[in-house]
Asks: 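Provided herewith is a single structure, encoded as structure tokens, for subsequent inquiry.
The basis for the numbers below is simple: all heavy atoms, side chains too, and nothing from hydrogens, waters or symmetry mates. All of these numbers come straight from a predicted model, not from anything done at the bench.
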Amino acid sequence: MPYADLHVHTTRSDGGVELEAVPEAARRNDVEVVAVTDHDRRQPFDEPVVERDGVTIVHGIELRVETGDGLRVDLLGYGLEPTPDLEAMLEGIQTNRRERGRAIVDCVEDRLGVDLGVTVGDGFGRPHVARAVADHGDTDYDYDGTFTELIGGGGPCFVPREIPSFERGQRLLSEAATIVSLAHPLRYPNPERALALTADLDAVELHYPYGAPVDLEPVERAIETNALAVTGGSDAHDDRLGVAGLTAEEYQDLEIPA
């Protein structure tokens, strides 16, 4: 198993594990270091790294940003010490997330004639809606079907959200984090364009469970060309940590301050 899993989500965004339960999940999967990288949301502590029940927890974030030509990518920030400017941006994103979430829930409930019984708060996203629909006994939609037929792009209940620019997100994360990395570069519609953005970043996510064989050569070429550090993680949304991640040596090379 990897020494460090640097891409983990909790119930503070769209994950299924409480933040307090992360150390137990890490120990169960023989992971020594976990970066909690909830979507567009900081963690409830100010330190870049904390120790919890024998496990090192890195204060992280996954921030969605958009380039001028419309490409949306995710930036991973590690060793976060939030600045006022970053806090203000994240609060604006969360306000928009709540407004969007309420609009999506209202649309789905009206369309299906059901009460989903969900609470729309900080960290709320479309996965919460999809899970609520799938768990409801009076609909014909499962989790995937809710996305493809109702709330995905082009669906009758899809509502777009506001995305900060790549330039702004990269600048504010760089001011607050030790390392800013491009997440899962081979998942984007245009991986080559996404990897070009690493010229302005510190690192790229090399180790990632894509679910199928992939050619990592473009990522490795970007690492060499732009002198990038390597990050990696499982993108866990449940308690199965350590599916992908870093060796102890790779983690130490990041030099995230304790």
Asks: Determine whether the side chains of His9 and Asp235 contain a donor N or O and an acceptor N or O closer than 3.5 Å.
Replies: yes
Asks: About how many Å separate CG of Asp5 and CD of Glu32, when rounded to the nearest 0.5 Å?
Replies: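 Separation between the atoms: 12.5 Å.
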Asks: State the CG-CZ distance between Leu90 and Arg42, to the nearest 0.5 angstrom.
Replies: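 Those atoms lie 8.5 Å apart.
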Asks: Would you say Val105 ends up clustered with Tyr143 if hydrophobic residues are merged whenever their side chains have heavy atoms under 4.5 Å apart, either directly or through other cluster members?
Replies: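 Yes: a chain of side-chain contacts under 4.5 Å links Tyr143 to Val105.
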Asks: Would you say the side chain of Phe124 lies within less than 4.5 Å of the side chain of Gln94, judging by non-hydrogen atoms?
Replies: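 No; the side chains remain at least 4.5 Å from each other.
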Asks: To the nearest 0.5 Å, how far apart are CG in Leu116 and CZ in Arg131?
Replies: 13.0 Å
Asks: Is there a donor-acceptor contact under 3.5 Å from the side chain of Asn29 to the main chain of Val31?
Replies: no
Asks: Say whether, by atom type as modelled, one donor and one acceptor occur between the side chain of Tyr78 and the main chain of Pro48 under 3.5 angstrom.
Replies: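 No: the side chain of Tyr78 does not pair with the backbone of Pro48.
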Asks: Are Thr139 and His136 close enough that some pair of their side-chain heavy atoms sits under 4.5 Å apart?
Replies: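 Thr139 vs His136: side chains touch.
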Asks: Do Asp40 and Arg97 meet the salt-bridge criterion of a basic N to acidic O distance under 4.0 Å?
Replies: yes
Asks: Check Val118, Ile151, Val120 against Val129 for a side-chain contact (heavy atoms from CB on, under 4.5 Å) and give me the one that passes.
Replies: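 One option only clears the test, and that one is Ile151.
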Asks: Within a radius of less than 6.0 Å around CZ of Arg27, do more than 12 heavy atoms belonging to other residues, nucleotides or ligands occur?
Replies: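 Atom CZ in Arg27 is packed in, count exceeds 12.
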Asks: Are any of the side-chain heavy atoms of Pro82 and His59 separated by less than 4.5 Å?
Replies: yes
Asks: With a 4.5 Å limit on heavy-atom distance, are the side chains of Val230 and Ile223 in contact?
Replies: yes
Asks: Hey, could you give me the CD1/CD1 distance between Ile179 and Ile256, rounded to the nearest 0.5 Å?
Replies: 6.5 Å
Asks: Are Val22 and Tyr251 linked, directly or through intermediate hydrophobic residues, by side-chain heavy-atom contacts shorter than 4.5 Å (ILVMFWY only)?
Replies: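 Different clusters: Tyr251 never reaches Val22 through Ile, Leu, Val, Met, Phe, Trp or Tyr contacts under 4.5 Å.
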Asks: Would you call Glu167 and Arg171 a salt bridge, using N to O less than 4.0 angstrom?
Replies: no
Asks: Where do Glu99 and Thr95 land on the side chain to side chain donor-acceptor pair (under 3.5 Å) test, with the steps shown first?
Replies: CA-CA 6 Å; Glu99 294 170 348; Thr95 296; over 6 Å; no
Asks: Report whether Val180 and Leu86 are members of the same hydrophobic cluster (ILVMFWY, side-chain heavy atoms less than 4.5 Å apart, transitive linking).
Replies: yes
Asks: If you measure from the Lys or Arg side-chain nitrogens to the Asp or Glu carboxylate oxygens, is any gap between Glu47 and Arg52 under 4.0 Å?
Replies: no
Asks: Take atom CZ of Arg28 as the centre, draw a 6.0 Å sphere, and report whether it contains more than 12 heavy atoms from other residues, nucleotides or ligands.
Replies: yes
Asks: Where do Arg72 and Arg64 land on the side-chain contact (heavy atoms from CB on, under 4.5 Å) test, with the steps shown first?
Replies: CA-CA 7 Å; Arg72 293 184 175 184; Arg64 174 67 54 86; 3.9 Å; yes
Asks: Is a side-chain donor-acceptor pair under 3.5 Å present for Glu250 with His207?
Replies: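 Short answer, yes.
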Asks: Closest approach of Pro185 and Ala194, non-hydrogen atoms and distance?
Replies: O-CB, 4.4 Å
Asks: Consider only side-chain N and O atoms of Asp14 and His128, and report whether a donor and an acceptor are under 3.5 Å apart.
Replies: no
Asks: Let me confirm one number: the OG-CG distance from Ser181 to Asp74, rounded to the nearest 0.5 Å.
Replies: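 These two atoms lie 11.0 Å from each other.
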Asks: Considering all heavy atoms of both residues, which atom of Val34 and which atom of Ala26 are nearest to each other, and what is their separation?
Replies: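 Val34 and Ala26 have their closest heavy atoms at CG2-CB, 3.7 Å.
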Asks: Might you point out which heavy atoms bring Pro218 and Asp215 nearest each other, and give the distance in Å?
Replies: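 The answer is CD-O, 3.2 Å.
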Asks: Could you check if a side-chain atom of Phe45 sits within less than 4.5 angstrom of a side-chain atom of Ile57, using non-hydrogen atoms only?
Replies: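 Yes; the side chains approach each other to less than 4.5 Å.
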Asks: If we count only N and O atoms by modelled type, under 3.5 Å, do the side chains of Glu18 and Thr11 hold a donor and an acceptor together?
Replies: yes
Asks: Heavy atoms, side chains only, cut-off 4.5 Å: are Glu62 and Asp38 in contact?
Replies: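 No, every pair of side-chain atoms sits at 4.5 Å or beyond.
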Asks: Less than 4.5 Å apart, any side-chain heavy atom of Phe166 and any of Leu197?
Replies: yes
Asks: Would you sort out whether Leu150 and Arg111 count as a side-chain contact (heavy atoms from CB on, under 4.5 Å), showing the intermediate values?
Replies: CA-CA 9 Å; Leu150 289 175; Arg111 189 174 185 86; 3.7 Å; yes
Asks: Does one hydrophobic cluster hold both Val159 and Val108, with members joined at side-chain heavy-atom distances below 4.5 Å?
Replies: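 Looking at the clustering, Val108 is in the same group as Val159.
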Asks: State, without any angle test, whether Gln43 and Arg12 hold a side-chain donor-acceptor pair at a distance under 3.5 Å.
Replies: yes
Asks: With a 6.0 Å cut-off on ring centres, are Tyr210 and His184 close enough?
Replies: no
Asks: What verdict does the side-chain contact (heavy atoms from CB on, under 4.5 Å) test give for His237 and Val17, after you've listed the backbone C-alpha separation in whole Å, the side-chain angles of each residue and the deciding distance to 0.1 Å?
Replies: CA-CA 7 Å; His237 287 72; Val17 177; over 6 Å; no
Asks: Provide the closest heavy-atom pair for Leu71 versus Pro189 in the form atom of the first, atom of the second, distance.
Replies: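 It is CD1-CD, 4.4 Å.
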Asks: Does CG in Asp140 sit with more than 12 non-hydrogen atoms of other residues, nucleotides or ligands closer than 6.0 Å?
Replies: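 At most 12 heavy atoms, drawn from other residues, nucleotides or ligands, come within 6.0 Å of this atom.
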Asks: Quick check: closest heavy atoms across Val49 and Pro257, and the distance to 0.1 Å?
Replies: CG2-O, 3.1 Å
Asks: Quick check: closest heavy atoms across Pro209 and Gly233, and the distance to 0.1 Å?
Replies: CD-O, 3.3 Å
Asks: So does Glu217 have more than 12 non-hydrogen atoms from other groups sitting under 6.0 Å from CD?
Replies: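 Count over threshold, so yes.
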Asks: Any side-chain donor-acceptor pair under 3.5 Å between Gln170 and Ser174?
Replies: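 Result is yes, a qualifying pair exists.
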Asks: Does a side chain donor of either Asp85 or Thr83 reach within less than 3.5 Å of an acceptor in the other side chain?
Replies: no
Asks: Could you tell me whether Glu162 atom CD has more than 12 heavy atoms of other residues or ligands within 6.0 Å of it?
Replies: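 Open.
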Asks: Set out, in order, the CA-CA distance, both residues' side-chain angles and the distance that settles side-chain contact (heavy atoms from CB on, under 4.5 Å) for Thr37 and Ile61, then state yes or no.
Replies: CA-CA 4 Å; Thr37 54; Ile61 191 171; 5.8 Å; no
Asks: Distance alone, cut at 3.5 Å: any donor-acceptor contact between the side chains of Tyr208 and Arg187?
Replies: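 Their side chains do contain a donor-acceptor pair, which is all the 3.5 Å distance test asks for.
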Asks: Taking Met89 as the starting point, is it possible to reach Leu173 by hopping between hydrophobic residues whose side chains are less than 4.5 Å apart?
Replies: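 Leu173 clusters together with Met89.
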Asks: Would you call Leu19 and Pro44 a side-chain contact if the rule is heavy atoms closer than 4.5 Å?
Replies: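 Side chain of Leu19 against side chain of Pro44, heavy atoms only: contact under 4.5 Å found.
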Asks: In Å and rounded to the nearest 0.5 Å, what is the OG1 to CD distance from Thr231 to Glu205?
Replies: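 Answer rounded to 0.5 Å: 5.0 Å.
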Asks: With no hydrogens and no angle check, just 3.5 Å: does a side-chain donor-acceptor pair link Glu66 and Ser165?
Replies: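 Not at all, the side chains of Glu66 and Ser165 share no donor-acceptor pair under 3.5 Å.
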